[in-house]
Structure formats: C-alpha cells, structure tokens
*Asks:* 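Shown below is the structure under consideration.
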Amino acid sequence: MRAAGRPVRAQVRDRIAASDPGLLRLAAGLRTVGAIALAVAVLAVLGSDVTHLVAGAMAAMVATFAIREKQRGQQAVTLALGLPVALASMTLAALLHRHVVAGDLFFVALIFCAVYGRRFGDRGTALGLIGFQIYFVSLFVGATVSDLPELCAAVAVAFACSALVRFAVVPETPAGVLERLREAFRLRLAQLLSAQLDLLDAGPREADRALERVRDGTARLHETALLIQGRLAEGTADEAVARLVQRRVADAEIAAERLGLSLLAARGAERADTLALHLPGAPVPTGGRHPVRDEATVTLRRDLEALRLLVLRPVAADAGTALSHVRNRLLGYRDDENLPVAAPVVQDVFRRIGEAARAVLGLRIALGSAPDESDDSPATARSREELDAEEAVLDAGEEESPQEPAGLRRPTTRAAVQVAVGSALAIVGGELLSRDRWYWAVLTCWIVFLNTASTGEILVKGYRRLLGTVLGVLAGIVLAGAVGGHTWTAFALVLVFVFLMFYFAPLSYTLMSFFVTAALGLLYTLLHTYSLSVLVLRIGETALGAACGVIAAAFVLPVQTDRRTNELLATVLERLGDVTRNAVEQLSGGPPVDLLDQARDLDQALADLRAATQPLTHPVTPLRARRETARYVVALLETCAYHARSLAATAELLPTHPAIAADPRLRRAAARIAHNIEAVAAHVTGDGAGAEIETGPSIASLLGPTAPGVPRYGRVTDRVLRHLQRLDEGVAGLARPLDVPVKALEG
C-alpha cells in the first residue's frame with residue numbers, strides 16, 4: 001500500500017476530506033442533527049409532549065437546511081426573517097384546519113409564492129422553503145387553534161436552537177470552507193496521481209478498471225476546482241489573492257490531466273486519444289500493453305510516487321534538504337537536457353511530471369507556504385521567477401450580468417405555475433386516497449420540482465424518490481417493530497437517519513429519500529399513528545405526487561428535455577467559442593483578456609449540460625442509441641473543454657515566459673475551428689440553415705510557409721498546435737452525432 005508509511009489517523013482524515021470536499025456534507029449533517037437534538041432537549045426540559053417535540057424537531061431541521069447564504073451576517077438576517085414567516089405559516093395552517101377548501105386554496109397560493117420567491121436569490125428561496133415546510137409540519141402534527149401557543153413556542157425554540165448550533169456549535173465561515181476545499185483539492189490531486197500510477201502498472205486485465213479510476217479521479221478533481229471557484233469571492237478578503245488561487249488551481253488541474261494523457265500514451269507507445277479520458281467505457285489504448293520495462297520506466301514510477309508524496313506533504317512543511325532535492329529533480333524535467341534516455345512518449349511523461357511539479361509549487365506558494373530557496377537548482381529558481389512574474393500580471397476582470405428572460409419565460413415564474421398546478425392536482429388526488437395524509441402527495445410534487453428544469457429531469461427525480469420511499473417503508477416496518485415502545489431510542493435513530501439523509505443527499509437522491517422515509521416511519525411511531533397501512537399509503541401518495549409533477553411539467557408551460565439540452569448545448573458551444581477565440585487571439589499577439597473566468601464559465605455550462613442529460617443517459621432509459629449519443633457528445637465536449645482550458649492557460653503565460661511567444665499565423669490556423677463551433681451552434685439552435693462543418697488539412701499545415709532557414713514552429717510551441725489540432729478534431733467529431741453537414745476542403 002503506497003501510503004503505508006503515513007499514520008492511519010492521517011490516512012482516514014485525508015480520505016474523509018477528499019470524499020467530502022470542504023466537509024460540506026459532514027457539516028450540514030452535524031449542524032442539522034445538532035439543531036434537532038438541542039431543540040428536542042430544550043422542549044423536553046420544558047415539559048412538552050411528544051407532538052410538540054416532533055414539531056420542534058421538524059422545525060429545527062427546516063430552519064437549518066433552508067439557509068443557503070455563505071456569509072454569516074446574511075444567514076443571521078434570513079434566519080431572523082424566517083421566524084415570523086414560520087409563525088405566520090403555522091398560525092394560518094391552524095386557523096384553516098377546519099376549512100378544507102380555503103385551506104387547500106391557501107396552500108396552493110403559498111406553494112406558488114414559495115417557488116416564485118426563488119427569483120430573489122438565496123434569501124427568497126429560504127423564506128419560501130420555510131413557509132411551505134412549516135405549513136407541512138402543521139399538517140403532519142394536526143395543528144389546531146388550541147394547540148397554537150405551544151406549537152408556536154416549539155417553533156421559536158427550534159429557530160433559536162438552529163441559530164445557536166449554526167453560529168456557535170458548528171460554525172461555518174467562507175474562509176474556513178475555502179481552506180478545507182483547497183485541502184480537499186490537494187488530497188484529490190494525490191488520489192488522482194495514485195490512480196495514474198496504478199494505470200501505468202496495470203496489466204491487460206486490470207487496465208480498463210484502472211483507466212476508469214483515472215477518469216473518476218479526474219472528474220472529482222474538476223468538481224473540487226469548480227467548488228473552489230464558487231467560494232473564492234466570499235472566502236478571500238483580497239481579490240488579487242482570489243485570482244491567484246484560481247490560477248494555481250487551474251494550472252494544477254490541467255497539469256494533472258496532461259500527465260494522465262501522457263501516461264496513456266506511454267502504455268501503448270503512441271499518442272493517446274483525449275476522448276479515452278472522458279468517454280465512459282472507452283478502452284485503454286492498444287489493448288492495455290505495458291510500456292517497455294527499462295531503467296527509464298523504473299525512474300518514471302519513482303518520480304510519479306515522489307510527485308504524489310510532494311502533493312501530500314502539508315503546505316506548512318516546505319523545508320528540508322530531501323524535499324528540495326526531490327523538487328529540484330522533478331522541476332528539472334522541464335528542460336530537455338535533463339530527460340532520461342527513453343522512447344519519446346516516455347520522455348513526454350517526464351516533461352509532464354516537471355510541469356505538474358511546477359503547478360504544485362505554485363499551488364503551495366499561493367496557499368501560504370513560505371518559499372525555501374536555499375537549495376534551489378537553476379530549474380527551480382526559474383520556475384519561481386515565472387510564478388512570481390505571473391502573479392504580478394494577474395489583474396481582475398469585470399463580469400457581465402446575463403440578461404434573464406421575463407414573464408412566463410422566466411424559469412422561476414414558469415416553475416411556480418407548474419408547481420401550483422401540479423400541487424392542485426396532488427391535493428385533489430391525495431384527498432381521494434386519504435383525507436388525513438393527502439399532503440404527502442403535495443410534498444412529493446413540490447420536491448420533484450426542486451433543482452430541475454425539464455420534464456425528463458422531473459421524471460427521473462420522481463422515479464428516484466418513489467424507489468427510495470418504497471425501500472424506506474420496508475425499513476420503517478422493521479424499525480417500528482423493534483423500537484416502537486422506546487421513545488428516546490426512536491428519537492436517537494431519527495437523528496442518525498437525518499444525518500445520513502443530509503450527508504448522502506448530494507450523492508444519491510434515492511438514498512436521501514430512503515433515510516427520510518425511514519425517519520418518518522419512526523416519527524409516526526412516536527405520534528402513535530403508525531400502522532402498516534399508513535406506510536403503504538405513503539407509497540401511494542408519493543407515486544401520485546410524482547405523477548402530478550410530471551403531468552404539470554409535461555402540459556403546463558413545458559420544457560422538453562431535448563429543448564433544455566439543446567439550449568445548454570448552445571451555451572456550451574458559445575462559451576467554448578469565446579475561450580478558444582480569445583485564447584488564440586492572445587496567442588497571436590492580441591490584447592490580454594480574462595481567460596480564467598471564461599474557462600470557468602465554460603466548465604460550469606458543461607456541468608449544467610451534463611446534469612440535464614441525466615434523463616437521456618439514465619440506465620433505465622429504453623432509448624439505448626440515444627443514451628450512447630448523449631454520452632458521446634458530452635465526452636467530446638469535455639475533451640474540447642480540456643483543450644480550450646489548456647490553450648487559455650498557455651495564452652496567459654505569454655507575458656512571463658520568453659519560450660512562449662505570440663505568433664500571428666495562429667489566427668489563420670484557428671479560423672476553421674471558430675467557424676465549425678459557430679456552425680454546430682447554429683445547427684443546434686436552428687438558426688443556421690445550411691451551416692456546414694469544414695474539414696481539411698491539419699492545423700499545423702495552415703500556418704503557412706516560413707522563410708528559408710527559419711524553424712517552422714520557432715515562435716509557436718508544439719503544445720499549442722497539438723491542442724488546436726485536438727480541438728479541431730473534437731469539434732468536427734460533433735458533426736456525426738448531431739447530424740451537422742460536413743464540407744471537406746482541399747489542402
């Protein structure tokens with residue numbers, strides 16, 4: 001085991017930090033459970049009965065998970081505003097308890113307002129969520145006017161306990177979260193290097209599995225980079241520091257991905273297709289052959305392990321002769337004269353190790369490591385000078401606010417109308433199933449619309465909720481029989497399930513639904529309303545609510561999955577074109593632009609597209625050919641995004657790296673790529689009748705002739721040409737799955 005020399009406690013801590021970036025899930029689970037436990041304890045001391053204990057526990061959960069702002073001051077304001085909203089919702093629910101029609105109409109209006117409030121940001125979302133959920137709590141416990149004083153007191157206690165836990169017991173600051181996210185990025189980078197080393201060592205039988213681990217590690221590293229990007233503004237006091245960390249994280253991510261591709265090539269002694277790193281199920285190149293086992297490959301394994309240990313070393317521990325020696329050796333591979341004698345593809349891996357070591361050095365400096373320059377080699381000193389020069393030229397750019405559609409085209413307005421209609425159907429159908437438990441159908445209808453934007457997404461979410469509910473009912477039957485007569489044991493199990501619900505919510509909606517249903521089975525037991533028929537009824541109400549949500553999404557202002565994915569695909573292509581065009585313009589000698597933010601906008605658009613295609617790529621979809629097409633298109637776009645990010649990173653090195661000089665010929669060479677991106681986007685949006693993709697000679701051949709005796713690529717690195725060539729091939733590859741006409745050009 002590679003980490004055998006490290007303490008077990010450190011290994012466990014690192015695994016937790018890497019699996020839960022920023023410990024966001026752990027903190028959310030502990031904060032929610034802490035608020036519930038404290039609220040139940042306080043209410044128990046005050047002599048509240050079980051009904052009020054349940055109401056307080058559920059209100060504490062709502063008050064905790066509804067708050068989404070990152071700044072503590074904003075969280076406090078939203079929590080303070082949420083209490084009167086919760087009390088008003090509880091009061092109206094109790095007053096309308098005996099007025100069925102008026103209560104139902106008010107519930108539908110409340111649902112509309114709660115969803116419409118999302119347009120006002122995190123605070124509007126939180127207040128709408130609190131209003132809806134507290135109304136649901138009142139229905140769950142059967143709130144009446146006579147119970148109102150005790151219930152309102154329980155809600156007030158719950159909000160106070162939530163505030164105490166949030167700000168004192170399990171505090172969270174933007175700076176602290178960002179620091180933990182950066183630590184998670186470092187650990188996930190080390191895990192990716194371990195997976196890459198396993199890929200190099202894997203035999204033909206293990207190669208495909210090893211490559212899958214590399215894919216997963218690459219995706220997890222990218223996920224953490226995006227999380228850091230979303231927290232930089234709030235987590236750093238200085239905008240210049242934020243941009244420096246953003247740059248260093250991007251450098252490390254790109255260097256790690258390049259290293260993985262060069263390792264793939266080294267296995268087969270030929271250049272690897274970048275698509276193999278992004279397309280699920282793509283085989284290892286050349287059937288998984290081992291590289292030649294010579295002295296160079298032994299050294300390669302040693303240096304990969306050294307790079308991994310360098311990444312794992314705490315940022316504060318940057319001193320020592322041994323560390324300097326390892327760092328100097330790895331950074332020396334950036335110079336060709338230091339490369340060992342080996343096949344060209346193996347030498348390329350050593351170059352990538354040198355680049356990765358430079359990225360790690362830059363990341364450590366940006367995260368606050370005191371630079372120890374006493375034992376620097378000339379290669380290390382040069383790397384430090386380059387990093388210092390890059391830091392000096394980084395400046396902030398201004399972001400443009402995108403224009404939002406108005407009226408019923410606005411997503412929040414459309415969703416509010418859809419949820420209101422679906423909830424009205426769920427109320428009618430739910431009351432036909434049960435006059436006492438109909439609100440379960442409404443809750444499911446509400447939930448399937450959260451964080452979804454198309455009919456397909458709602459269908460998949462409804463299916464997952466129903467599956468989790470069925471499994472949770474089975475667990476609830478067993479647990480109710482085991483702890484039905486033990487109140488505090490049941491409450492303890494509820495807390496465990498609530499923690500697991502929040503911990504696994506970002507990973508699996510089915511698991512989340514399972515834990516919440518199992519917890520509700522225990523709550524029914526505590527309220528002495530448990531029976532097998534009640535849990536079976538919950539399945540029926542859940543299925544009904546999901547069906548009502550799908551019906552509303554399909555027939556009321558519908559957004560079809562194809563339309564949604566096409567819109568997002570057009571956005572990805574637009575941002576891909578922006579990054580490519582601006583990077584090439586800068587590489588051609590044009591003025592500098594904010595390529596870092598543009599590259600991250602591209603990554604976010606691609607993440608949105610990947611999420612939107614889940615209904616098309618879900619394992620249960622009967623349209624297998626369509627599923628493979630969607631997976632192939634997303635993989636191609638991920639490959640294109642990688643090369644665009646690499647071009648952007650190279651372009652930003654121009655002011656500080658004399659080896660990378662501007663070459664005006666690149667404008668002409670990259671013109672075909674820009675045209676093809678526009679043609680694909682026009683075909684997707686339907687705005688370009690007759691738009692065709694152009695194919696022809698290689699990108700390098702388009703640079704044009706040079707003067708006699710002048711090296712053809714004297715001012716353009718081979719890396720830039722390689723990325724442009726791969727980007728050209730990737731964009732052209734979109735023609736077949738998207739049915740874009742192709743026009744071949746003569747060389």
Side-chain angles (χ1 to χ4, degrees), residues 211-212 214-216 218-219 222 254 257-258 260-261 264-265 271-285 561-562 564-581 583 599 601-614 616-617 623-648 670 672-685 688 691-696 698-699 722-743:
L211 178 56
E212 194 61 37
V214 171
R215 289 194 191 102
D216 290 342
T218 304
H222 185 61
I254 291 171
E257 197 162 3
R258 282 174 174 162
L261 289 170
L264 275 175
R271 188 161 303 283
D273 187 351
T274 48
L275 192 61
L277 206 59
H278 302 107
L279 183 61
V284 179
T561 304
D562 286 347
R564 168 75 173 163
T565 53
N566 282 344
E567 290 175 351
L568 292 175
L569 176 56
T571 301
V572 171
L573 290 168
E574 178 185 354
R575 294 181 179 176
L576 176 64
D578 290 341
V579 174
T580 304
R581 181 175 58 255
D601 288 343
L602 168 62
D603 290 336
Q604 188 57 57
L606 189 53
D608 293 340
L609 175 63
R610 193 183 304 112
T613 57
Q614 286 186 0
L616 302 178
T617 59
L623 305 175
R624 300 302 175 89
R626 192 181 183 191
R627 180 179 66 185
E628 296 306 317
T629 297
R631 293 173 66 186
Y632 184 71
V633 168
V634 171
L636 272 176
L637 289 171
E638 288 178 339
T639 294
C640 292
Y642 158 68
H643 291 293
R645 286 198 306 269
S646 299
L647 286 173
R672 186 172 71 202
I673 300 175
H675 167 81
N676 287 345
I677 293 175
E678 293 174 359
V680 175
H683 182 81
V684 168
T685 58
E692 294 180 322
I693 282 182
E694 297 177 353
T695 62
S698 69
I699 292 295
R722 208 159 54 228
H723 286 308
L724 285 173
Q725 182 63 41
R726 292 297 192 181
L727 186 58
D728 181 56
E729 294 169 357
V731 174
L734 292 169
R736 181 180 59 80
L738 297 179
D739 295 325
V740 184
V742 178
K743 179 175 65 175

*Asks:* For residues 673-681, tabulate all N or O donor-acceptor pairs below 3.5 Å that involve a side-chain atom, not counting sequence neighbours.
*Replies:*
residue : atom : partner : partner atom : Å
His675  : NE2  : Glu692  : O            : 3.1
Asn676  : OD1  : Glu694  : N            : 2.8
Asn676  : ND2  : Arg672  : O            : 3.4
Asn676  : ND2  : Glu694  : O            : 2.9

*Asks:* List the atom of Val742, the atom of Ala735, and the distance in Å for their closest heavy-atom pair.
*Replies:* CG2-CB, 3.5 Å

*Asks:* Sequence neighbours left out, what pairs pass salt bridge (Lys or Arg N to Asp or Glu O under 4.0 Å) with at least one residue falling in residues 730-741?
*Replies:* none

*Asks:* Out of Arg726, Gln725, His723, Glu729, which one pairs with His643 under the side chain to side chain donor-acceptor pair (under 3.5 Å) rule?
*Replies:*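 Considering Arg726, Gln725, His723, Glu729, a side chain to side chain donor-acceptor pair (under 3.5 Å) with His643 is found only for His723.
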
*Asks:* Which atom names give the shortest non-hydrogen contact between Val579 and Ala648, and what distance separates them?
*Replies:*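 Closest pair (atom of Val579, atom of Ala648, distance): CG1-CB, 4.1 Å.
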
*Asks:* Is Asp728 reaching over with its side chain to a backbone N or O of Leu724, donor-acceptor style, under 3.5 angstrom?
*Replies:* no

*Asks:* Closest approach of Thr565 and Ala612, non-hydrogen atoms and distance?
*Replies:*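 Taking every non-hydrogen atom into account, CG2-O, 3.8 Å.
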
*Asks:* Heavy-atom distance under 4.5 Å between the side chains of Glu638 and His222, does that happen here?
*Replies:*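 No. Closest side-chain heavy atoms not under 4.5 Å.
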
*Asks:* Which pair of heavy atoms, one from Val684 and one from Leu738, lies closest together, and at what distance?
*Replies:* CG2-CD1, 4.2 Å

*Asks:* Between CG of Leu727 and CG of Leu647, what distance do you get to the nearest 0.5 Å?
*Replies:*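 Nearest 0.5 Å value for the CG-CG distance: 6.5 Å.
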
*Asks:* Is Val633 close to Leu734 at the side-chain level, that is, under 4.5 Å between some pair of heavy atoms?
*Replies:*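 They are in contact (side-chain heavy atoms under 4.5 Å apart), so the answer is yes.
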
*Asks:* Which heavy atom of Gly733 sits nearest to which heavy atom of Tyr632, and what is that distance?
*Replies:* O-CE2, 4.2 Å

*Asks:* In Å and rounded to the nearest 0.5 Å, what is the CG to CG distance from Asp578 to Leu602?
*Replies:*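 Atom-to-atom, Asp578:CG and Leu602:CG are 9.0 Å apart.
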
*Asks:* Just distance, no hydrogens or angles: give the donor-acceptor pairs under 3.5 Å from side chains in residues 568-576, sequence neighbours left out.
*Replies:*
residue : atom : partner : partner atom : Å
Thr571  : OG1  : Glu567  : O            : 3.0
Arg575  : NH1  : Asp601  : O            : 3.1

